[in-house]
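Notes to accompany the following structure.
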There are 2 protein chains.
Amino acid sequence: MAARTRQRMIEGATRLLAVRGLQETSFSEVLHLTGAPRGSIYHHFPDGKDQLIAEAIDFAGARAVELIDSKAGSSAEEITRHFLEMWRQVLTRSDFRAGCSVLAVTIATDSGALLDRAATVFRTWRSHLAESLRAGGLSDDDARGFAAVLIAASEGAVALSRAERNLDPFDLVAGQLRKQVRELNEAQEPG
Amino acid sequence: MAARTRQRMIEGATRLLAVRGLQETSFSEVLHLTGAPRGSIYHHFPDGKDQLIAEAIDFAGARAVELIDSKAGSSAEEITRHFLEMWRQVLTRSDFRAGCSVLAVTIATDSGALLDRAATVFRTWRSHLAESLRAGGLSDDDARGFAAVLIAASEGAVALSRAERNLDPFDLVAGQLRKQVRELNEAQEPG
DNA sequence: GTCTATACGAAGATAGAC
DNA sequence: GTCTATCTTCGTATAGAC
């Protein structure tokens, strides 16, 4: 079960990043969480921790892209609602312990390679979201701008709710964002 | 220079949190950055690292509150512009290496006490900002909602620009936020 | 592919001299 | 208030057997 162990370690690292941050995402914790054998570490990830983290970033990035793309073809309001619901579930399912794995790396790493990886993920989210929003009724500029605001504000709102350990800040921000996309859409297609 | 050493350590920890995250804000790094003597650690912070971090959170929180309050009496647009400029300077002055100290702790800690401390800071920012925005022309609801969006989106936008190591994401988000507060204000005081 | 054993450094923390 | 010395734990990483 070579490939399986490897993939389980990546998913475990992704989860640990979201909940405990970069430094606490140690090999020991990943092994403990996944039950993977200790000998697997440098067999599957010969470049060590940075390689595991890089793959965790890519995995988290790709998973979110799938969720974004799954709503391609819907209205801008529906795309926004769905994106926010994804983050809301990250909070509620973890009892406010989890956040964004990619953000966790961005804030705690010194490695330019990992920063580049994180930047690629964020840029991919922005472009996929913007394209869907455009197809969902927004102008090019509004779609590009609102995609960036939606991602930035979601990341921040998740962090605020993690700190407070309740949904108040997140729901307040989410409500504002949904109102905003509605207004952008109405401005675009009056009547 | 007792009090001075203590304060220098707190400010050094605040800076390290912003640049390198919670785990890399070690005593060794704080001493190296501030030149404080090793014997000062448990003299000034008998409860150890958590105490130093807690004071760093409070310090970062209070410093930002001062900046927010310094614009009390201005228009909502001006308050927004100023708040965003504060974060923009965090990025440019650090060559995209620094972010928000309070966010860094929120994402990486297991300690409920530190989370509470961070939550208090975020709530304080929200309430001061909301009050200023209300005085600056927004309705109660708009002020409360936009304050939350402004903080959440700023935190997220700073992180996006740290990852990309350029101002594009931050400036895109900032432009949207400034447009939004302008619209809220016009809706409030038509004509 | 997986195992044990181990090297090496750095972390937080404590004790006791000065 | 500050010093050195030290304890303990944990991190990443490597070597070599199975």
Side-chain angles (χ1 to χ4, degrees), chain A residues 1-57 101 104-105 107-115 117, chain B residues 1-57 101 104-105 107-115 117:
Chain A
M1 298 296 171
R4 274 226 173 145
T5 295
R6 185 182 153 81
Q7 185 57 25
R8 283 225 321 281
M9 290 180 73
I10 293 171
E11 294 177 20
T14 304
R15 166 136 199 91
L16 277 167
L17 284 174
V19 176
R20 320 239 282 175
L22 177 59
Q23 267 75 17
E24 293 217 39
T25 301
S26 63
F27 282 130
S28 308
E29 290 289 330
V30 172
L31 297 183
H32 179 256
L33 182 68
T34 60
R38 202 160 249 294
S40 297
I41 297 177
Y42 288 90
H43 174 68
H44 290 302
F45 305 95
D47 288 340
K49 181 167 174 174
D50 275 9
Q51 186 182 2
L52 173 62
I53 299 300
E55 306 225 23
I57 290 174
S101 310
V105 178
I107 281 180
T109 190
D110 287 329
S111 154
L114 289 181
L115 275 185
R117 212 90 167 208
Chain B
M1 300 294 174
R4 274 227 173 145
T5 295
R6 184 181 155 79
Q7 184 57 25
R8 282 226 321 283
M9 289 180 74
I10 293 171
E11 294 177 20
T14 303
R15 167 137 199 88
L16 277 166
L17 284 175
V19 176
R20 322 237 287 175
L22 177 59
Q23 268 74 17
E24 293 216 40
T25 302
S26 62
F27 282 130
S28 307
E29 290 289 331
V30 172
L31 297 183
H32 180 254
L33 182 68
T34 60
R38 197 157 254 292
S40 296
I41 297 177
Y42 288 89
H43 174 70
H44 289 301
F45 306 94
D47 288 340
K49 181 167 174 174
D50 275 9
Q51 186 182 2
L52 174 61
I53 299 300
E55 306 225 24
I57 291 174
S101 310
V105 177
I107 280 180
T109 190
D110 288 329
S111 153
L114 288 182
L115 275 185
R117 212 88 165 209

Residues from residues 14-24 of chain B sitting under 4.0 Å of DNA chain D, heavy atoms only?
none

Where the side chain of B:Pro37 is defined as all heavy atoms beyond and including C-beta, which of C:dT2, C:dA11, D:dT2 is the nearest nucleotide?
D:dT2

Is a side-chain N or O of A:Thr109 found less than 3.5 angstrom from the main chain of A:Val105, in a donor-acceptor match?
no

With sequence neighbours left out, which residue pairs that include part of residues 43-54 of chain A fulfil the salt bridge (Lys or Arg N to Asp or Glu O under 4.0 Å) condition?
none

How long is the line joining CG of A:Leu31 and P of D:dA13, in whole Å?
13 Å

For A:Pro46 and A:Ser28, find the nucleotide of DNA chain D closest to each by heavy atoms; which residue's nucleotide sits nearer the 5' end?
A:Ser28

From CZ of A:Phe27 over to C1' of D:dT12, roughly how many Å is that when rounded to an integer?
7 Å

Please give, in whole Å, the distance from C:dT4 P to A:Tyr42 OH?
17 Å

Among all residues two or more places apart in sequence or in another chain, which pass the ring pair (Phe, Tyr, Trp, His ring centres under 6.0 Å) test with A:Phe45?
none

Looking at every non-hydrogen atom in both residues, tell me the closest pair between A:Ala36 and A:Thr5 and how far apart they are.
CB-CG2, 3.8 Å

Using whole Å, report how far CZ of A:Arg38 lies from C1' of C:dC3.
11 Å

Quick one: which of D:dA13, C:dT2, D:dG1 gets closest to the side chain of B:His43?
D:dG1

